[in-house]
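A, B, ... follow the sequence lines: proteins, then strands. Residue 1 opens every chain. None of the values given here were measured: they were computed from a predicted structure.
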There are 2 protein chains.
Amino acid sequence: MSQARTAQEERDPTLATAVHRRLREDILAGRLPPGRKLKLRDLVEQYGAGPSPMREALSKLAAEGLAERLEHRGFRVAEAAPGQLAGLIRSRVLAECAALRAAIADGGPEWEEALLLAAHRLNRVARSLDPQRFVSNPEWEDRHRDFHQALLAGCGAPPLLAFCDRLRDEAERYRALANAMAYPGRDVAAEHAAIACAALDRDAAAATGLLAEHYERTGAFIGTSLGRLAGAVAP
Amino acid sequence: MSQARTAQEERDPTLATAVHRRLREDILAGRLPPGRKLKLRDLVEQYGAGPSPMREALSKLAAEGLAERLEHRGFRVAEAAPGQLAGLIRSRVLAECAALRAAIADGGPEWEEALLLAAHRLNRVARSLDPQRFVSNPEWEDRHRDFHQALLAGCGAPPLLAFCDRLRDEAERYRALANAMAYPGRDVAAEHAAIACAALDRDAAAATGLLAEHYERTGAFIGTSLGRLAGAVAP
DNA sequence: CGTGGAAGGAATTTCGACAAAACCTCCGGT
DNA sequence: ACCGGAGGTTTTGTCGAAATTCCTTCCACG
């Protein structure tokens, strides 16, 4: 038993990173509702780590925008108002469309091939684990993320890509909060195929237009769901 | 003397934020060269704060991209290679042009008026404190920052604006590292006026084109300066 | 009856010491 | 001479308690 470490522990070299990951997942999944006070004492008890790693994890989350710090008043989970969602979606559309346009203009053959591959892999995986009702398929989520990353990867602007990832995480949180995973009346697969097709055709106008629609449609849907739920998740 | 706090201390409610600000300024000004090891013991001694606030400041800097953390190996100042500068400039051009385009399309009268005002105020301040040789004028720097912020403020995407601010800070660091503040053979004031004019004319193509040139020219200049200095700032 | 202020309680922030990990050096073996 | 490993040193990461700050409540006063 010389290697008693699990794979999870192997990826989290320090307690602070481990607790950061767990907190992050809990916020992204909506288990910690927006605005919830994050009391250090309770967290220490619940996550089984000292105040130092916990504080560091919270600080990191605050920098990522998933939590907010109130000086001398501790931390709380970031708010999730419909108005903020609008700004988020708008930022996402603007940033990703800019990156996509750049990728279309300057992306090399390796970008093309990676995108083709990612689109193919996404198509090979079922969206839902259950054909009858919607059950989130982790592998589809991964392929979906990979597809959108591959779409922008050719833009040659790593900081912008990192920013897009962060926005994706935040959008993910809203999606979980609205916990309405089954987008009604949409053929998501067809939308992805159309985006990839336009990008590979080097049609920037069409590609960015489709991408913007892709996000705005989801955003509008989540926004209304969230509006109905507003206040229902109070602590 | 019931209010013994200075204005500086008033804005830094906790030791961690104060130390964060100081470290940030030292990195941005280039006083801490890229790649420099940030040993906790030394920092505690130099900045006069305990390990906890210092660690928290470093964690925040790492999240901002100004420092990088090596698990179990502490922190170091973020690297500054010419290749990374290229990605940074590219990200900046893409993000700001997207925001500018959105502001031009949707910016209301408040945006127009604020931009007009910012452009005017920038013109009223001298670029250099000394007419003969270049001496950085703090007020011009402030007005310059305000101008660029006002330019994008109408885009309605707060996260994108925050991202642009972060990129500006990083670019500032490169500028300080190349410590070549006097851009030779350029009429910066005219460039700003042209950008503002195009934006107010709602000419998105012209405005974004000018903005991109504005940054790329500076970036290219700093890149060559940095290339010459590469390795000269080793610890 | 409403308002201002002070004391009490709770939470955050900070400190200093402990434990664990990584780096460097040195030694022995091949 | 070179590679591999063990020991010591430095540095990081973690813990629990003390100090400071903020919020709440209660009482006195206008």
Side-chain angles (χ1 to χ4, degrees), chain A residues 1-24 27 32 35-63 66-78 234-235, chain B residues 1-24 27 32 35-63 66-78 234-235:
Chain A
M1 256 213 249
S2 58
Q3 290 301 95
R5 285 173 166 168
T6 68
Q8 187 84 340
E9 281 166 345
E10 190 68 23
R11 290 197 92 178
D12 291 329
T14 87
L15 250 180
T17 59
V19 100
H20 166 70
R21 176 200 299 266
R22 288 181 57 191
L23 256 173
R24 189 182 120 99
I27 293 177
L32 291 171
R36 158 98 91 196
K37 186 100 181 54
L38 294 168
K39 274 187 257 193
L40 212 56
R41 183 116 178 77
D42 298 351
L43 294 176
V44 163
E45 201 169 309
Q46 179 166 1
Y47 289 86
S52 303
M54 197 58 75
R55 163 170 281 276
E56 187 161 334
L58 287 170
S59 185
K60 219 168 172 180
L61 285 171
L66 267 58
E68 49 187 318
R69 105 173 292 158
L70 293 73
E71 300 289 348
H72 289 291
R73 261 177 280 174
F75 299 83
R76 56 179 48 173
V77 178
Chain B
M1 258 210 260
S2 59
Q3 290 300 96
R5 285 172 164 170
T6 69
Q8 186 85 343
E9 281 166 344
E10 190 68 22
R11 290 196 92 178
D12 291 329
T14 84
L15 251 181
T17 59
V19 142
H20 167 69
R21 176 199 299 265
R22 288 181 57 191
L23 256 173
R24 190 182 120 100
I27 293 176
L32 290 171
R36 159 97 89 197
K37 186 101 182 53
L38 293 168
K39 272 183 259 195
L40 212 57
R41 179 121 175 71
D42 299 350
L43 294 176
V44 163
E45 201 170 309
Q46 179 167 359
Y47 290 86
S52 303
M54 196 58 75
R55 166 169 283 275
E56 185 162 335
L58 287 170
S59 185
K60 220 167 171 181
L61 285 171
L66 266 57
E68 47 188 318
R69 106 172 292 158
L70 294 73
E71 299 289 349
H72 288 290
R73 261 176 277 175
F75 299 82
R76 56 179 50 175
V77 178

**Q** Across the strands shown, which category fits L43(B) at heavy-atom distances under 4.0 angstrom: base, sugar-phosphate, nothing?
**A** nothing

**Q** Any sub-3.5 Å donor-acceptor pair from H72(B)'s side-chain atoms to P13(A)'s backbone N or O?
**A** yes

**Q** Using whole Å, report how far CG of L70(B) lies from P of dA21(C).
**A** 18 Å

**Q** Using atom CZ of R41(B) as one end and atom C1' of dC15(C) as the other, report the distance to the nearest whole Å.
**A** 14 Å

**Q** Nearest of dT14(D), dT12(D), dC23(D) to any side-chain atom of R73(A)?
**A** dC23(D)

**Q** So L23(A) and L66(A), do their side chains get closer than 4.5 Å, heavy atoms only?
**A** no

**Q** Round to a whole Å and report the spacing from CD of E56(B) to P of dC15(C).
**A** 12 Å

**Q** Which nucleotide wins on minimum distance to the side chain of K37(A), given the candidates dT13(C), dT12(C), dG13(D)?
**A** dT12(C)

**Q** I want to verify a distance call: between dT14(D), dT12(C), dG13(D), whose nearest atom is closest to the R55(A) side chain?
**A** dT12(C)

**Q** May I ask you to say what L58(B) touches in the nucleic acid, namely base, sugar-phosphate or nothing, with a heavy-atom cut-off under 4.0 Å?
**A** nothing

**Q** For atom CD of E45(A), decide whether the heavy atoms of other residues, nucleotides or ligands shown that lie under 6.0 angstrom number more than 12.
**A** no

**Q** Quickly work out the M54(A) CE to dT13(C) C1' distance and round it to whole Å.
**A** 16 Å

**Q** P51(B) has a side chain; which of dT13(C), dC23(D), dG16(C) sits nearest to it?
**A** dG16(C)

**Q** To the nearest angstrom, how far is E45(B) atom CD from dG16(C) atom C1'?
**A** 15 Å

**Q** With heavy atoms under 4.0 Å as the rule, sort L40(B) into base, sugar-phosphate or nothing.
**A** sugar-phosphate

**Q** On DNA chain D, nearest-nucleotide positions of E71(A) versus D42(B): which is more 5'?
**A** D42(B)

**Q** Let me know the distance between CG of D12(B) and P of dT13(C), rounded to the nearest Å.
**A** 14 Å

**Q** Do the side-chain N or O atoms of T14(A) get closer than 4.0 angstrom to the phosphate oxygens (OP1, OP2) of dT12(D)?
**A** no

**Q** When you measure from the side chain of L15(B), which nucleotide among dA21(C), dC15(D), dT14(C) comes out closest?
**A** dT14(C)

**Q** Report the distance from atom CZ of R69(A) to atom C1' of dT21(D), rounded to the nearest whole Å.
**A** 14 Å

**Q** Nearest of dC15(C), dT14(D), dT13(C) to any side-chain atom of S52(B)?
**A** dC15(C)

**Q** Roughly how far, to the nearest 0.5 Å, is CZ of R73(B) from NZ of K37(B)?
**A** 9.5 Å

**Q** Using atom CZ of R76(B) as one end and atom P of dT12(D) as the other, report the distance to the nearest whole Å.
**A** 11 Å

**Q** List the steps, then state whether salt bridge (Lys or Arg N to Asp or Glu O under 4.0 Å) holds for R55(B) with E56(A).
**A** CA-CA 8 Å; R55(B) 166 169 283 275; E56(A) 187 161 334; 3.0 Å; yes

